Amino acid sequence: MKLNSFFILLLLTNLSFAQFQTTGKIKEVTENGFHEIILSPEIRSYSKQDLSDIRIFNAKGIEVPYFIQSNSEALLSTFEEYEIVSKTVFPKKSTSIIVAIPSVKNNNQLSLFIANADVVKNYSISGSNNQTEWFGISNSQILDDLNSSSEASVVKTISYPLSTYKYLKIDFDDRKTLPINILKVGNFNTQLQKNILQDIKPKKTIRFELLLPQKHTQLQVVFDAPQIINQIDFEISRPTYYKRKAVIFKKVKRESKRKTEIIEEEIVSFELNSNTKNSFTIPEIFEKDFYIKIENKNNQPLTISSVKYSQKPVSAIVELYANEKYSIKTGNKNLNEPDYDLSDFKNNISGKLSQTSIYDIKQISSSKKQVENKSFWQQGWFMWLCIILGGITILYFTASLVKDLNEKN
């Protein structure tokens, strides 16, 4: 009984100060299944840099598994359908399909959409440029596993030696089984597509020029909260030609011989050059404020029209149910990355997912004015009181257990 009381009290003590600092609502979806939740810069700014403190809950407060997906690059796959010139069936013998291949295209594979069939088919492929004279390409190939449990058709990709024929003929052997229904024929074209970066606007940018002996321009960039930045773009209008070294740094405190001093810690350096686009992909920055220093030497300062800050888009992939309410919470720095079974099945969730978004984002402010209006259990003194009481409780029960053990001995 003593131990049960102790664990209950310890749990309540932890819950009293292990709180999420930011909450948001997830826009309801119209169909069941996996969805992509775009994590806005605002949500990410209030989270840990690795996003390990994000949690998703349903309306009953039950935690919902998810995994994080980076969307900076994606494989975009489109299907190009080819014309089926003819389809000839020789009963109880064979079925021949002639496919027109687009001009100036080397090919070595075709994707066939086939109506479900519990059969195994042998086939051969030949090629022609005039549909009169045919030449062998591949012979005695096998097509199997033609049955899907979730769809009314399957997609099978067949490969053959590289060819440049204008027409391909596929001959299926129908001597042992009935013909299969070829719905369409073509190819999937896959290309790497870069997603649009998310722009982040700073709260303010302070510019000042330092003359002798430094001779450089310095920008102080300030955000409302720490922001992740992956790319910086400069637009410079004057002069026509320039080549300047630039450094991004932050100011940090360092203890030295019982003294505290502020030092400049370099984050990344690059070169501004009139012959380039001046767009820089940089190591990830997660800062509330930082500085950009541009060396001018004996030149006039650059006329900078604008500086744009961007981050790679990131999403949470999660299974949602139609017309149900979900929320997202973050900002609890005591949390570590969750361990969900779903993370082991990332490769099973492919294709373009329906997207939803987060709205009504609220953050618990730490300003003095709001602290005064908080409930007593949200005050700092209450947290410390709980910690002290928890410590006293641990000592009490430990002493009681030792006393009981001594009495038994």
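Every value quoted in this text rests on a predicted model; they were computed, and no experiment measured them. For this chain, numbers begin at 1 and follow the sequence in order.
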Result block: side-chain N/O donor-acceptor pairs under 3.5 angstrom for residues 112-122, not counting sequence neighbours:
unit_1, atom_1, unit_2, atom_2, d
N116, OD1, S148, N, 3.2
N116, ND2, S148, O, 3.2
N116, ND2, E151, O, 2.8
K121, NZ, D173, O, 3.2
K121, NZ, D174, OD1, 2.6
K121, NZ, T177, O, 3.3
K121, NZ, T177, OG1, 2.8
K121, NZ, L178, O, 3.0

Not counting sequence neighbours, which residues clear side chain to side chain donor-acceptor pair (under 3.5 Å) with [X]? List them please.
X    : result
E265 : none
K48  : S52
Y321 : none
Y167 : none

### Message
Closer than 3.5 angstrom, by distance alone: can the side chain of T356 be matched with the main-chain N or O of K27 as a donor-acceptor pair?
### Response
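It does hold such a pair.
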
| field | Side-chain (D53) to main-chain (N336) donor-acceptor, under 3.5 angstrom | value |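 Not at all, since once roles are kept as given, no pair shorter than 3.5 Å links the two residues.
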
Going by the rule salt bridge (charged side-chain N to carboxylate O under 4.0 Å, His left out), which residues pair with [X] if we only count those two or more places apart in sequence or in a different chain?
X    : result
E266 : none
D341 : none
E287 : K250
E324 : none

Kindly check if the number of other-residue, nucleotide or ligand heavy atoms within 6.0 Å of [atom1] ([X]) is above 12?
X    : atom1 : answer
K166 : NZ    : no
E255 : CD    : yes
Y241 : OH    : no
K87  : NZ    : yes
R207 : CZ    : yes
E209 : CD    : yes
K333 : NZ    : yes
L162 : CG    : yes

Task: Pairing of E28 and K325 as salt bridge, 4.0 angstrom limit - done: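 Here E28 pairs with K325 in a salt bridge, since their nearest N and O are under 4.0 Å apart.
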
| task | Would you mind checking if E261 and R254 are paired as a salt bridge, meaning a charged N to carboxylate O distance below 4.0 Å? | result |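 So R254 pairs with E261 through a salt bridge.
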
Given side chain to side chain contact (heavy atoms under 4.5 Å, CB included), test D289 with K204 step by step and report yes or no. CA-CA 10 Å; D289 64 279; K204 60 181 178 180; over 6 Å; no

Take V307 and T205 through the test side chain to side chain contact (heavy atoms under 4.5 Å, CB included) and record every step on the way to the result.
-> CA-CA 10 Å; V307 183; T205 301; over 6 Å; no

Could you report the tightest heavy-atom contact between [X] and [Y], atom names first, then the distance?
X    : Y    : value
A322 : N32  : N-OD1, 2.7 Å
T95  : P179 : OG1-CB, 3.6 Å
L272 : N278 : CA-OD1, 3.5 Å
N296 : L302 : OD1-N, 4.4 Å

Drop me the distance from [X]'s [atom1] to [Y]'s [atom2], to the nearest 0.5 angstrom.
X    : Y    : atom1 : atom2 : value
I54  : K329 : CD1   : NZ    : 14.0 Å
Y82  : I101 : OH    : CD1   : 5.5 Å
K25  : I361 : NZ    : CD1   : 12.0 Å
F172 : S94  : CZ    : OG    : 10.5 Å
I292 : I304 : CD1   : CD1   : 7.5 Å
I56  : I26  : CD1   : CD1   : 4.5 Å

| query | Among side-chain atoms of N107 and Y160, is any donor-acceptor pair under 3.5 angstrom? | reply |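 Checked: N107/Y160 side chains pair up, N/O donor to acceptor below 3.5 Å.
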
Acceptor/donor pairs from residues 224-236 side chains to any protein atom, 3.5 angstrom cut, sequence neighbours excluded:
unit_1, atom_1, unit_2, atom_2, d
N230, OD1, K312, N, 2.8
N230, ND2, E284, OE1, 3.4
Q231, NE2, D233, OD1, 3.4
Q231, NE2, D233, OD2, 3.1
Q231, NE2, S279, OG, 3.2
D233, OD1, S279, OG, 2.4

Task: Audit row: V252, I263, side chain to side chain contact (heavy atoms under 4.5 Å, CB included) steps and yes/no - done: CA-CA 6 Å; V252 296; I263 63 169; 3.4 Å; yes

The side-chain contact (heavy atoms from CB on, under 4.5 Å) partners of S354 (sequence neighbours excluded) come to E31, H35

Check: So which pairs with a foot in residues 323-348 pass ring-ring contact (aromatic ring centres under 6.0 Å, His included), sequence neighbours left out?
Finding: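 Sorted result for residues 323-348: Y66-Y340.
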
